[in-house]
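Numbers here simply count residues along the sequence, with the first being 1.
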Amino acid sequence: MNPKLVAKIESEEPKLRLAVLIDADNISADVVEGLLTEIASFGEATVKRIYGDFTTQTSSKWKQCLNRYAIKPVQQFAYTTGKNATDSTLIIDAMDLLYTKRFDGFCLVSSDSDFTGLATRIREEGLLVLGFGEKKTPEAFRNACHKFILTEILKAVASQNNISAMSPGKAEEAKTSKQMAAIPLVEKSNSVEQGADNKELPLGFILEALARSYDDTGWANLANFGSFLTKIKPDFDARIYGFKKLSDLVKQRKDVFEIEERSSKDLSTKILYLREKK
């Protein structure tokens with residue numbers, strides 16, 4: 001990835017100009033709030049477009065939220081049965097936007113492997129590619145992105161935010177009836193607040209990433225460790241295993257990691273360093 005993009009991603013104030021392209025045929029409208037919140041953590045969604053046939057009943061939920069979130073609909077009629085005209089229109093638009101050279105990255109929102117080639121082409125231009133899709137998304141598309149985020153996570157987070165905004169009585173009732181709208185991303189995993197089942201963590205690849213991120217002293221900065229995790233497995237996300245952040249996962253697994261908190265050069269913040277526990 002372009003070093004300038006890495007610096008922007010890791011900065012406290014996201015400045016990336018992002019084009020958000022949503023495949024309405026393969027993504028549920030229930031994730032839109034969590035989706036846009038997640039994208040905002042990377043940068044500014046300067047273009048937000050959604051593609052699909054909005055004359056059908058299946059798109060009714062999307063029509064309800066387009067104005068609310070200022071998403072521009074691109075109507076695509078299904079002229080021929082069995083042919084996905086929506087994909088073609090999205091890809092053509094993406095290439096047009098790519099050639100304007102106005103963007104630092106693209107957010108491709110779909111569970112369809114047809115966008116693998118598009119993601120690869122955008123990466124060849126040195127731009128950031130963020131993918132968003134359901135658990136069923138093929139591995140080829142996931143790995144073509146710099147970072148791939150499961151929309152099931154975003155749906156669960158949005159549900160929790162909605163419950164938190166309720167009055168105490170209604171919130172408790174919602175928790176009981178909906179079970180926090182939690183979606184089992186990993187079997188036996190608990191909620192984000194409670195941590196995760198240790199057996200579910202893919203420790204082999206986690207320790208491989210850790211070993212690659214060591215500095216000359218044999219310790220790894222948490223940011224470098226997280227970067228290697230994503231390079232090896234773009235769809236890695238601590239939230240899948242029940243943790244809000246990677247730092248929470250590391251601190252919980254004291255049987256795997258040895259950690260140190262060190263002061264930054266200006267002494268204003270603490271930086272987390274870790275290594276494999278012997």
Side-chain angles (χ1 to χ4, degrees), residues 1-10 14-28 31 35-36 38-52 71-72 74 76 82-154 202 205 208-209 212-213 224 226-237 240:
M1 194 190 307
N2 188 317
K4 292 183 179 179
L5 292 181
V6 174
K8 286 184 177 182
I9 293 174
E10 294 179 348
K15 297 180 181 178
L16 294 176
R17 292 171 56 85
L18 302 172
V20 181
L21 307 179
I22 305 171
D23 176 9
D25 295 340
N26 282 286
I27 291 293
S28 167
V31 307
L35 170 69
L36 296 178
E38 186 77 13
I39 290 172
S41 68
F42 291 95
E44 178 188 1
T46 54
V47 167
K48 292 180 287 185
R49 298 181 186 175
I50 184 169
Y51 302 79
I71 303 174
K72 179 182 177 180
V74 179
Q76 183 59 58
K83 298 292 184 181
N84 196 338
T86 298
D87 289 4
S88 300
T89 304
L90 190 157
I91 291 171
I92 292 170
D93 264 13
M95 295 307 296
D96 287 343
L97 292 171
L98 177 65
Y99 292 139
T100 67
K101 299 187 182 298
R102 294 189 291 117
F103 302 95
D104 298 306
F106 282 72
C107 301
L108 304 180
V109 188
S110 178
S111 302
D112 195 335
S113 63
D114 289 350
F115 298 109
T116 303
L118 174 61
T120 302
R121 180 66 184 87
I122 295 172
R123 289 189 64 159
E124 289 175 350
E125 291 295 317
L127 302 187
L128 176 70
V129 181
L130 301 174
F132 299 82
E134 298 175 354
K135 287 190 293 182
K136 66 181 181 181
T137 305
E139 193 170 308
F141 178 44
R142 297 189 189 204
N143 291 336
C145 303
H146 287 104
K147 177 70 176 175
F148 186 88
I149 298 166
L150 294 176
T151 54
E152 286 88 348
I153 295 174
L154 306 180
F205 116 84
E208 177 187 353
R212 294 189 181 191
S213 54
N224 291 337
S227 176
F228 272 101
L229 282 172
T230 303
K231 287 177 181 178
I232 298 173
K233 191 174 175 61
D235 58 355
F236 178 83
D237 196 314
I240 295 176

- Query: Donor-acceptor pair, Arg17 side chain versus Arg102 backbone, under 3.5 Å?
  - Reply: yes
- If only atom types and distance count, is the side chain of Lys147 paired as donor or acceptor with the main-chain N or O of Phe236 below 3.5 Å? yes
- Query: Are Asp237 and Phe148 close enough that some pair of their side-chain heavy atoms sits under 4.5 Å apart?
  - Reply: no
- Report the residues that fulfil salt bridge (charged side-chain N to carboxylate O under 4.0 Å, His left out) with Glu208, sequence neighbours left out, ordered by chain and then residue number. Arg212
- Message: Minimum heavy-atom separation for Leu97 and Ala19, please, with both atom names.
- Response: CD1-CB, 4.3 Å
- Message: Minimum heavy-atom separation for Ala24 and Gly52, please, with both atom names.
- Response: CB-CA, 4.3 Å
- Query: Is any side-chain heavy atom of Asp96 closer than 4.5 Å to a side-chain heavy atom of Ile92?
  - Reply: yes
- Do Arg142 side-chain atoms and Thr137 backbone N/O form a donor-acceptor pair below 3.5 Å? yes
- Query: Any donor-acceptor pair under 3.5 Å linking the side chain of His146 with the backbone of Leu130?
  - Reply: no
- Query: Considering only heavy atoms from C-beta outward, does the side chain of Glu38 approach that of Leu35 to under 4.5 Å?
  - Reply: no
- salt bridge (charged side-chain N to carboxylate O under 4.0 Å, His left out) against Lys233, all qualifying residues, sequence neighbours excluded: Asp235
- Query: Can you name the side-chain contact (heavy atoms from CB on, under 4.5 Å) partners of Glu139, sequence neighbours left out?
  - Reply: Asn143
- Query: Should the pair Phe115 and Phe141 be assigned to parallel (<30°), tilted (30 to 60°) or perpendicular (>60°) ring geometry?
  - Reply: tilted
- Item | Contacts of Tyr51 that satisfy ring pair (Phe, Tyr, Trp, His ring centres under 6.0 Å) - sequence neighbours left out | none
- Note on the structure: On a heavy-atom basis, the closest approach of Leu128 and Ile122 is O-CG2, 4.4 Å
- side-chain contact (heavy atoms from CB on, under 4.5 Å) filter on Asp25, not counting sequence neighbours, yields Asp23, Asn84, Thr86
- Item | Phe103: partners by ring pair (Phe, Tyr, Trp, His ring centres under 6.0 Å), with sequence neighbours left out | Phe106
- Note on the structure: Residues Asp112 and Ser110: closest non-hydrogen pair is N-OG, 3.1 Å
- I would like to know whether Ile27 and Ser111 meet side-chain contact (heavy atoms from CB on, under 4.5 Å); could you show each step before the answer? CA-CA 7 Å; Ile27 291 293; Ser111 302; 3.9 Å; yes
- Task: Work out which heavy atom in Thr120 is nearest to a heavy atom in Ala144; give both atom names and the distance.
- Result: OG1-CB, 3.9 Å
- Message: For a quick test of reading the model, state the closest non-hydrogen atom pair linking Thr151 to Val31 and the distance between them.
- Response: O-CG1, 3.7 Å
- Query: Between Phe132 and Ile39, is any pair of side-chain heavy atoms under 4.5 Å apart?
  - Reply: yes
